[in-house]
Amino acid sequence: MEMVLSAAIGVLAASGIWLLMRPRTFQVIVGLCLLSYAVNLFIFSMGRITMGAPPIMPKGGFINPAAYADPLPQALVLTAIVISFATTALFLVVLIASRGLTGTDHVDGQEREP
Amino acid sequence: MIEENLLLILVGLPFAAAIAASTVRASAHGAAAWVSGLLLAAGLAILALLHAPIGDGQVLRSTLRWVPSLGLNLTFRMDGFVWMFVTLVFAIGILVLVYARYYLSKADPVPRFYAFLMAFTGAMVGMLMSGNILMLVVFWELTSILSFLLIGYWHQGQAARDGARMALIVTGLGGMCLLVAMLILGQIVGSYDLDRVLAAGDVVRADPLYPLVLGLFLLGCFTKSAQMPFHFWLPGAMAAPTPVSAFLHSATMVKAGVFLLVRFFPVLGETELWFFAVTGTGMLTLVLASIIALFRHDLKGLLAYSTISHLGLITALAGIGSNGAILAAMFHIVNHAVFKASLFMAAGIIDHETGTRDMRRLSGLIRFMPVTGALAIVASAAMAGVPLLNGFISKEMFFAEAADWHNGTWLDNSLPYLATLAGVFAVAYSLRFIATVFFGPDAADLPKVPHEPPSLMRRPVELLVLVCLIVGILPGLTLGPTLNLAAQSVLGPDLPYKDIAVWHGFNLPLVMSLVALGVGVALYALLGGRIAAGPEGPPLLHRIRAQRVFERILLALTWKLPRVVHRTLGTERLQPQLRLIVLLTIAAGFATLWGVLRQAPAPLATDLNPAFALMWAVGGICAVGAAWLAKYHRFASVVLLGGAGLVTCLTFAWASAPDLAVTQLLVEIVTTVLLLLGLRWLPKRREEIAEDKLLPARIRRARDFVIAVVAGTGLAGIAYVMMTWPLIPNVGDWFLRNAYNEGGGTNVVNVILVDFRAFDTFGEITVLAIVGITVFALLRRFRPAPESIVLDDEQAGLEDRTLADALLVPSVIMRWMFPVMIVLAAYLFFRGHDLPGGGFAAGVTVSVAFLLQYLAHDVRWVEARLTVLPIRWMGIGLLIAGATGVGAFLFGYPFLTMHAQYVNIPLIGQVPAATALIFDAGVFSLVVGATVLMLIAIAHQSLRTTRMRERDSAETAEKETA
């Protein structure tokens, strides 16, 4: 499982980074989305893979922390998901505005000079 | 106790005067001057009160705690030396105020002038009285900034702006050096307290960093005190109004440097390095500046160089550093302040009444203004060092020190000759000032007919000249005790009392004085005529203008160099920048982890589920596919992106993170819709871009591909190593153990978000709100690209009816989904504290519900039936969350402390009723508001383009009919 998940993180990150360095705004946005998946999974994986033990307790009583998944990375990733949505929205609007203003969807607002 | 408070009041008085002066009317000359003057007079009264304890040899201290953790306290201390200096500043300050009252014209904005002048006085007094060396630097910098404002007071003039900027840059750079010096000094001593630093001279001198500290310290002092080669800002600062020059260049600003030299002599002095650096610079400045002064035609320019040369004299004395030299330095600080202030004022009167400061045009003024003339003659005689005036005595003491044997080095041996040479030129330039301005034939073409100034404008000059005379005749009685007290406070209490007298018998210093007087007069008699005809500055030397050099360097550094650097290294293109960021990140990752990252001894391994592997095979293909297709097939790319997101979401669910799975799923929906809405505004791209097939583009892509693969492999490697290391007990365990007892919820992730780390969440929702409003604001001004407005041929061919019916069945279903989704949202929200769900998930669900309505019908249909006010949702959400946090104050708890409890509600059963739930409601409301705001704002753009299209077609129709 660890092997598959880390490979997945690698593939997502590589696709994201490749897109990040492309010239079209839409590519950059898709790249950022992919990169955010990779980073979220990476942070999440810092709590190690635990299966069938969500951090939801019985009411009261003593509990053994080792029997549950680490809740902290999950809390961090939850906020990260929402924030990455917000940044995606912001970039999309910047994209639209820049497209309207410059007439091109190149990230520099002008086509590359040959 | 009273004395401690008096110290604080003393520092506060000038600042209070500054605030008071800044509030008066722009034309109220009298009021501003009166207020400032009275407050300074009160300061003098306090100083008189403090004289008794200071006279007993006490050191008064007063401490206010400021940043105790950094060892930074507002400590003020006063000993004999500081008392003398502060008294000088206040006394000359009052005289300058009286003078300025008549000097400034009606048109000058008064509040600014007096406010700056008083704030400057405060900064100077604060610097003098600082008991902490860091605070001293703060006040030191404050004097630099305020002197900039004062010199640039007539900012309409180019000269004033340049002069002010130059003074600020030079003294500011020096101040930075001083700060570094003080920081190292504090580290060496182990304290920033001035008393401890002053007592640690032996430790400092023995430290290997001593030369560095000394160098930086001297740079600070020399720039401030206009020592060569940093002297050039001072003549440039002559563009300031004369009262400012009289204040800054006599008693304050420039004296700050020599004050520090004398103050820190016990710490940094008494070494050969100190002697050579300080005395050498001082003597060089003394001699060169006195020569240059003789050749200046501008009255204030002559005085400026004379000031530089006298500062050199004081610096040289501080460098010699014997008991007598320190005493003489202090004495000359006072004497120079007195005669130079009066001379600047006299020069200002001449300028004011004749309209020019050019000595070649001025002549014979003694017949028009006899009183002013007499005063100026006495003051410049003091400057020249004529017997029975104060300048003579301190100069005699300087000559005595110069002639004395100190260490027998070549510099020490040459001191008497250099001193006499400087004395010759001092006599010559003083004589030139008097002879050309006041004697000779009547001036022919003066801009104004000269006459005596108002008597009150002359009063400060009269007073200062009187002091010159009294001190010159009775030095031992008037200043003797104060000076000895000051010297004792610097050099130690066992210093023997030194009697200051006019007559020491016929000795070497007297011979030097007489030689200087005789040769000086002869020199002027010989050269006088040729100087007036010559250029502004001494022969040969006038070509080297330090100011010009400085301006060249400034231009090169601030204008040419940045442009060259920007041209060669900078780029405005995004791609190289992003590539650089990625490469640097990879490099940083390798640099940190190289050799550290290793496999765990017993790697964790969870059994591989084939379904999981299969799922990620699909996920990986989706990700790579999305990357591959993002350029030409955007829609497919969005779909594939959604696929990758879905697999991510399933992974969360698989690996015990139901909360994340729910949120990811909902956010995925919203993101996809958002991207689909955005697609409409991008240019069509159906055929290939030809350039993309060319070799350079292929090389670029291959390079980026390598970078991406390296980054991805690196990240995968780190993730794998981290994941297989066994988990050590960490803060997560604490959250698990205490979530129920402390937070009153069983869903630990939610409890962390809304209770333990609620402050983070509060910050995060604020960010969300800001982003929402930014999106809204950006789109209000949005102008769509022209081709996006025009409908496709296919779209235009369809009738509106057909479009409306196209999604008839789904739209009915979507309409009916609305209440279902609202209930779902409520369910997610209420179970959030105990089971997966919560404010975020519920908020996104509600926005999806709204979104569905927009999808199912056209915008106008929805908005006729449903009013969503996203901004209010956001505002209310933030208010609720904030109020929950503040509410904790009412019960005496810190911000955002939550309270948890379960309540029994009939039919529904036990419901958690923690205050965290209210906070979560705030989160919910804000998420709804922000998400809906962004989506609606983008969706509305189509409505606007429809309107534009309608308007366009109406216009063409009109044209056709016309």
Side-chain angles (χ1 to χ4, degrees), chain A residues 1-2 4 6-15 17-21 23-24 26-27 30 33-34 37 41-42 45-46 48-51 53-57 59-60 65 68-72 74-75 77-79 81-83 85-86 88-90 92-93 96-97 99-100 103 105 107-108, chain B residues 573-575 578-579 582 606 608 613 616 620 623-624 626-627 630-631 634 637 641 648 655-658 660 663-664 667 671 674 678 681-683 704 708-709 711-713 715-716 719-720 723-724 727 732-733 735-736 740 746-749 752-753 764 768 771 775 778 782-785 840 934:
Chain A
M1 291 290 264
E2 279 82 6
V4 173
S6 48
I9 292 171
V11 170
L12 287 173
S15 323
I17 289 171
W18 192 74
L19 279 178
L20 209 60
M21 295 182 287
R24 304 289 150 189
F26 186 74
Q27 290 175 306
V30 173
C33 285
L34 286 172
Y37 295 149
L41 280 174
F42 181 79
S45 74
M46 292 299 109
R48 313 296 185 269
I49 300 179
T50 322
M51 273 181 296
I56 291 168
M57 343 248 79
K59 287 188 182 168
Y68 295 91
D70 191 349
L72 192 64
Q74 298 195 16
V77 172
L78 191 76
T79 34
I81 292 174
V82 179
I83 288 286
F85 161 69
T88 308
L90 187 61
L92 187 77
V93 170
I96 296 175
R99 158 82 176 116
D105 66 340
V107 284
D108 298 332
Chain B
R573 291 172 41 225
L574 184 69
Q575 284 173 276
L578 280 177
R579 198 173 299 129
V582 172
T606 326
L608 179 65
W616 267 113
V624 174
K631 188 158 194 177
R634 296 189 190 113
S637 175
L641 178 71
T648 309
S656 314
L660 293 188
T663 315
Q664 176 78 52
V667 166
T671 312
L674 199 70
W681 305 102
L682 290 170
D704 290 352
V709 168
T713 319
L715 196 62
Y720 181 72
M723 260 189 276
T724 48
L727 197 60
D733 298 345
F735 287 132
L736 282 167
Y740 188 75
T746 57
N747 180 1
V748 185
V749 175
I752 292 177
L753 284 178
E764 187 214 346
L768 202 61
V771 171
V775 166
L778 275 173
F782 170 59
R783 291 284 166 276
F840 278 118
M934 291 181 224

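For clarity, every value in this text was computed on a predicted model and none was experimentally measured.
- Closest non-hydrogen pair, A/Y68 versus A/P54, comes out as CD2-O, 3.4 Å.
- When heavy atoms are compared at a cutoff of 4.5 Å, A/L19 approaches chain B solely by way of its side chain, counted from C-beta outward.
- Counting heavy-atom pairs closer than 4.5 Å to chain B, the top residue among A/I81, A/V77, A/I17, A/V30 is A/I81.
- Using modelled atom types, no side-chain atom of A/S15 and backbone atom of B/A627 make a donor-acceptor pair closer than 3.5 Å.
- For the residue pair A/A13 and B/G712, the shortest heavy atom distance occurs at CB-CA, 4.4 Å.
- With chain A as the partner, the residue from B/V771, B/L641, B/T648 showing the most heavy-atom pairs under 4.5 Å is B/L641.
- Here the closest heavy-atom approach between residue A/M1 and residue A/M51 is recorded as CE-SD, 3.4 Å.
- For the options B/T713, B/L660, B/T671, heavy-atom pairs under 4.5 Å to chain A are most numerous at B/L660.
- In this structure, chain B has heavy atoms under 4.5 Å from both the backbone and the side chain of A/I83.
- The shortest heavy-atom contact between A/A69 and B/S656 is CB-CB, 3.9 Å.
- If you measure heavy-atom distances from B/Y720 to chain A, the contacts under 4.5 Å come from both the backbone and the side chain.
- Only the side chain of B/I752 has a heavy atom closer than 4.5 Å to any heavy atom of chain A.
- Between chain A and the options B/L727, B/T663, B/V667, B/V624, heavy-atom pairs under 4.5 Å are most frequent for B/L727.
- In terms of heavy-atom pairs under 4.5 angstrom with chain B, the leader among A/V82, A/L20, A/L34 is A/V82.
- Interface check for chain B: of the options A/T88, A/L41, A/V11, the most heavy-atom pairs under 4.5 Å are formed by A/L41.
- Residue with the most contacts toward chain A among B/D704, B/V748, B/D733, B/V775: B/D704 (heavy-atom pairs, distance under 4.5 Å).
- Counting heavy-atom pairs under 4.5 Å between each of A/Q74, A/M57, A/R48, A/M46 and chain B puts A/R48 at the top.
- The side-chain hydrogen bond (donor to acceptor under 3.5 Å, both in side chains) test applied to B/T606 returns A/E2, not counting sequence neighbours.
- Both the backbone and the side chain of B/M723 come within less than 4.5 Å of a heavy atom in chain A.
- Expressed to the nearest 0.5 Å, how far CG of B/L778 lies from CG of A/L90 amounts to 7.0 Å.
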Stepwise side-chain contact (heavy atoms from CB on, under 4.5 Å) check, A/L12 with B/W616: CA-CA 10 Å; A/L12 287 173; B/W616 267 113; 3.7 Å; yes
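- Checked for salt-bridge contact, A/D105 and A/R99 miss the test: no charged N lies under 4.0 Å from a carboxylate O.
- Looking at B/V582, the atoms closer than 4.5 Å to chain A (heavy atoms on both sides) all sit in the side chain, from C-beta outward.
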